[in-house]
Amino acid sequence: MNPLKRLGRRRASLLGLAAVMALVTPGTANGAPDAAKAGTLGAQAAQSGRYFGTAVAAGRLSDGTYTSILDREFNSVTPENEMKWDATERSRGQFTFGAADQIVNRAAARGQRVRGHTLVWHSQLPGWVSSIRDANTLRGVMNNHITTVMNRYKGRIHSWDVVNEAFADGGSGQLRGSVFRDVLGNGFLEQAFRTARTADPAAKLCYNDYNIEDWNAAKTQGVYRMVRDFKARGVPIDCVGLQAHFGAGGPPASFQTTLSNFAALGVDVQITELDIAQAPPNAYANTVRACMNVARCTGITVWGIRDSDSWRASENPLLFDRGGNKKPAYNAVLTTLGGTPAATQSAPNAAALPGSYSWSSSGQLISPKPDATHNIAGIKDPTVVHHNGKYHVFASTASSSGYNLAYLNFSDWSQAGSATHHYLDRSAIGQGYRAAPQVFYYAPQRLWYLVYQTGNASYSTNPDISNPNGWSAPRNFYSSMPDIIRQNIGNGHWVDMWVICDSANCYLFSSDDNGHLYRSQTTVGQFPNGFTNTVIAAQDSKYALFEASNVYKVQGSNQYLLLVEAIGSDGRRYFRSWTSGSLAGSWTPLAASESNPFARANNVTFPSGAWTRDISHGEMIRAGYDQTLTIPSCRLQYLYQGMNPNAGGDYNLLPWRLGLLTQTNSTC
Ligand code: XIL
C-alpha cells in the first residue's frame, strides 16, 4: 500500500468523514464463513499447521500412479531406507547419497518437506560399524556419520530421527544392547544429539521408536525419563517420533495421554511411521484424532502409500489399495483432520488453478479499534497465517498521524471482530512509518519474520508469533533503493515488499505504483542478507500493475501464482493474476483482465450486503505458514481490504475494513 498516495482523493465523496464513520460499526462480524475444508491429506493437515507425510522409496519414483498420489496427497516425505547407514556409508568414510538426493530434490521441487531418517540405529547398520570395539574409534565414526549426512541436507530437513529404536522391548525400560551402547555406554545418545545440533542447528532433532505409544509400557517410561533428563540438563532434543506400527486394534487407549505427556516436557511429538494391520477406519481415525488433540503433535507420516508399497504388505495396512484407490481408512483420516471426503472414490486431482474465478465475500470482519493513543481510521493491508490452531493477522493502521502496524489472533473467523488489537509501535518495531506487513515462519532459522515498508524494505523477527512484544527492531534488506528501482519509479512510491523462498533461493518482490514489479534474490542460507540482482519481474501501465503483489506456491503442483492489485476503469481496486513455473521465471496471464479478473466487484457476491466495491490489498489463506508461502489449489480464501463505496476525503483517513473472500467455483 502507498501511504502517500493521492488516488483516493479522486473519489472524494459527498459524505463528510463523520458521516462515513457513522456508517460503519466497528467490530461487526457478520457472514463469517466456515473454516475452509481441503480435499487432500496434506492440505487438510496444513489447515491446523500440521504436515501429513509418507515414507517414499526412491525405487518407486518412476511409477506414475505412485507419484501422482504422492504429489496430490502429501506435503512431507521420509526416505524409507535411503538415508540409513547401510545406504549412505556402506564402507567407512565413503558416502553415497544418490538415492537420498533423488528423494530430497524431488520433494524440494514440489514444496514437500522432508523428514530425515535415520542417523544412529542398530539395524541396517554395516558390519564394519557393528564390529568396532574401540570407544574412541566408534565415537569418531558416529560423529563423522552424523555430521556428514546432516551437512549434505543442511537446511532442507525439517526433523531428523537422530537416534532410532535405542530402547529395549519388554519390562526393563533400559537401552537395548547395540554396538553403540555396548562400546560407548548410555551416553551415546547425548553425544549423538549434541553432534547433530552442531551439524544442522535448524533441524528439529527427534528420538524415534516403536512400542512407546502406550503410556503404561516400561519402554515408554524409559524414553520419557530420557527426554525429561535431556531437557533438564540442556541436552538438545526437540521432538519424539512415535512410529505407530499398530495391530488391527489401532492405538492403545492411552495414546493421546502419551503424546501430551511427552509434549508437556517441552518437545514436539510426531507420528512417524503409521500403519495399521487391515487399516480399520476407526483405528486410523483414533490415531489421527489423538494427534489433532495435542497442540504439539506437529505432523503424521504414514509408512508408505499403497498396500503394495508397505513393508507389511500382507497386512494391507495403508490408506490406498494396490490399485492406488482410496480405502475407507483414507476418508476416516481426512475427516478426522477436519476435511470433507470426495463423494466418490475417484481422486480429486490437485489440478492447476482454474482460469476464471468467482467468490463469495463475508461482511466486514475486522474494523479499527482505536484506543487513547491510537486514533485509527482504517485497518489495511492484512497478512495472515494459520498456526497452532489460530489465525494470526497483522495489518497496517492508518490515522492522521500516519501508518503503523497492529496484530490480532483468533481461532475462528466468527471471532475476528472481537479479537484484541495489539499496536506494534509498543514493541521494538517502534513508532513512525511502518506499513503493509507480510508474515511467515523462516523454517531454516526457526524464526518468524514480519516484512514491511518503512521507505526501505524492512523486517523484524520474533521466535513466537503470538507474542506482540517479541518483535525485534526494524532492519533493512537493502542499504538503499536499488538503482533499477530508482531509474523506473518516476513519481511512484516504493511499496509492498514480499518475500517467498523455494528450496534454494529467497526472492524479495516490491512495487513502485508506476507499473513495475521488482524482484531481488538471495540464497536460503544467506537470507535475510544478500538480496541483489534486482530486476523488473513484470511491467504494465501504471494502474494495470499498481501495487500489493502476492506470490505463492500452489500446493501439489509446479505452479507459482502472482497477484497484483490494479485500479480499474471505474477507479476501484481489483486483482489480476499470473502463473509461472518458477519464481524467477516470466509470468503468464491467468485471470488478468477487468472482465475476467482474479477478484473484482464483478466476480464477488456479498450475501450479507455489498459493503465495498474495492477488492484491495490482502493475503491468501495459506496451506502452511513457512517461507514457501504454499497455498491450497482448491477453495481459495483471500483476506482483503474494502471500504464503504461512498467514503472519500483524505487518503490516510479512508475507512478501510477487512473481509474474507471464499472461492465458489472450485471444482475440487
Ligand atoms: C523398514 C522399511 O520399511 C523396509 O523397507 C526395510 O526393509 C526395513 O525397514 N522402524 C523404522 C523403519 O524405523 O526404518 C523401518 O523401515 C520400519 C521399522
Side-chain angles (χ1 to χ4, degrees), residues 53-61 63 66 70 74 76-90 96 99-100 102-104 114-127 129-130 145-146 149-150 153 157-169 175-176 178-181 189 192-193 196 203-214 217 219-220 222-223 226 239-247 251 269-277 279 287 299-320 322:
T54 179
V56 165
R60 296 185 199 274
L61 291 175
D63 174 339
Y66 182 83
L70 169 61
F74 299 100
S76 173
V77 302
T78 307
E80 185 174 357
N81 290 299
E82 293 76 357
M83 287 183 173
K84 293 173 181 174
W85 201 312
D86 63 354
T88 52
E89 195 187 4
R90 180 166 281 283
T96 45
Q102 203 190 336
I103 294 175
V104 173
V114 183
R115 285 195 93 256
H117 177 80
T118 179
L119 297 165
V120 180
W121 187 26
H122 65 274
S123 183
Q124 293 181 267
L125 185 68
V129 185
S130 43
H145 182 79
I146 294 170
V149 178
M150 287 186 84
Y153 301 108
I157 303 289
H158 68 82
S159 311
W160 260 113
D161 291 333
V162 178
V163 179
N164 197 33
E165 301 183 353
F167 278 76
D169 290 316
L175 297 186
R176 73 166 70 232
S178 73
V179 68
F180 300 107
R181 192 209 63 175
L189 281 125
F193 276 86
K204 295 222 177 208
L205 305 182
C206 304
Y207 175 77
N208 191 53
D209 214 330
Y210 66 93
N211 281 353
I212 58 166
E213 294 84 8
D214 180 353
K219 190 171 174 183
T220 310
V223 174
M226 175 194 71
C239 36
V240 174
L242 298 97
Q243 293 184 7
H245 294 295
F246 292 133
V269 287
Q270 303 174 358
I271 297 175
T272 52
E273 303 182 13
L274 177 61
D275 51 18
I276 309 181
T287 309
I300 299 173
T301 299
V302 287
W303 205 241
I305 297 178
R306 300 161 300 192
D307 287 332
S308 46
D309 303 319
S310 171
W311 71 313
R312 302 167 67 187
S314 65
E315 296 175 283
N316 298 316
L318 294 175
L319 301 178
F320 295 87
R322 279 147 211 270

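When a ligand or atom number is given, it counts from 1 through the structure's own listing order.
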Applying side-chain hydrogen bond (donor to acceptor under 3.5 Å, both in side chains), name anything that partners Y210, two or more places apart in sequence or on another chain. D169, R176

Who's the nearest protein heavy-atom neighbour of atom 1 (C) of ligand 1, and how far? K84 NZ, 3.6 Å

Proximal atoms of ligand 1 relative to N164 (non-hydrogen, under 4.0 Å): 11 (C), 13 (O)

Quick one, Q243 with N211, criterion side chain to side chain donor-acceptor pair (under 3.5 Å). Give me CA distance, side-chain angles, the key distance, then yes/no. CA-CA 8 Å; Q243 293 184 7; N211 281 353; over 6 Å; no

If the threshold is 4.0 Å, N to carboxylate O, is there a salt bridge linking D275 and R312? yes

Heavy atom of the protein closest to atom 2 (C) of ligand 1 (residue, atom name, distance): E80 OE2, 3.3 Å

Under-4.0 Å heavy-atom contact with ligand 1, by part of T118 that carries it: neither

Find all atoms of ligand 1 within a distance of less than 4.0 Å from any non-hydrogen atom belonging to E165, and give their numbers and elements. 10 (N), 11 (C), 13 (O), 18 (C)

Does atom CZ (R322) have a neighbourhood of more than 12 heavy atoms from anything else shown, all under 6.0 Å? yes

Ignoring hydrogens, just give me the one of R312, H117, M83 whose non-hydrogen atom is nearest atom 14 (O) of ligand 1. H117

Sorted by chain and number, sequence neighbours left out, salt bridge (charged side-chain N to carboxylate O under 4.0 Å, His left out) with R181 holds for none

What protein heavy atom is closest to atom 8 (C) of ligand 1, reported as residue, atom name and distance in Å? Q124 OE1, 3.4 Å

Side chain, backbone, both or neither: W303 near ligand 1, heavy atoms under 4.0 Å: side chain

Compute the ring centroids of H117 and W303, then answer whether they are less than 6.0 Å apart. yes

What protein heavy atom sits nearest atom 6 (C) of ligand 1, and how far off is it? N81 OD1, 3.3 Å

Between H245 and W311, is the gap from one ring center to the other below 6.0 Å? yes

Check this for me: does any side-chain nitrogen of one of D63 and R60 sit under 4.0 Å from a carboxylate oxygen of the other? no

Which of the ligand 1 atoms, numbered from 1, are nearer than 4.0 Å to a heavy atom of W121: 14 (O)

Under 4.0 Å from a heavy atom of Q243: which atoms of ligand 1 are those, numbered in the order shown and with their elements? 10 (N), 11 (C), 13 (O), 18 (C)

Subset of ligand 1 atoms that lie under 4.0 Å from at least one heavy atom of E273: 10 (N), 11 (C), 12 (C), 13 (O), 17 (C), 18 (C)

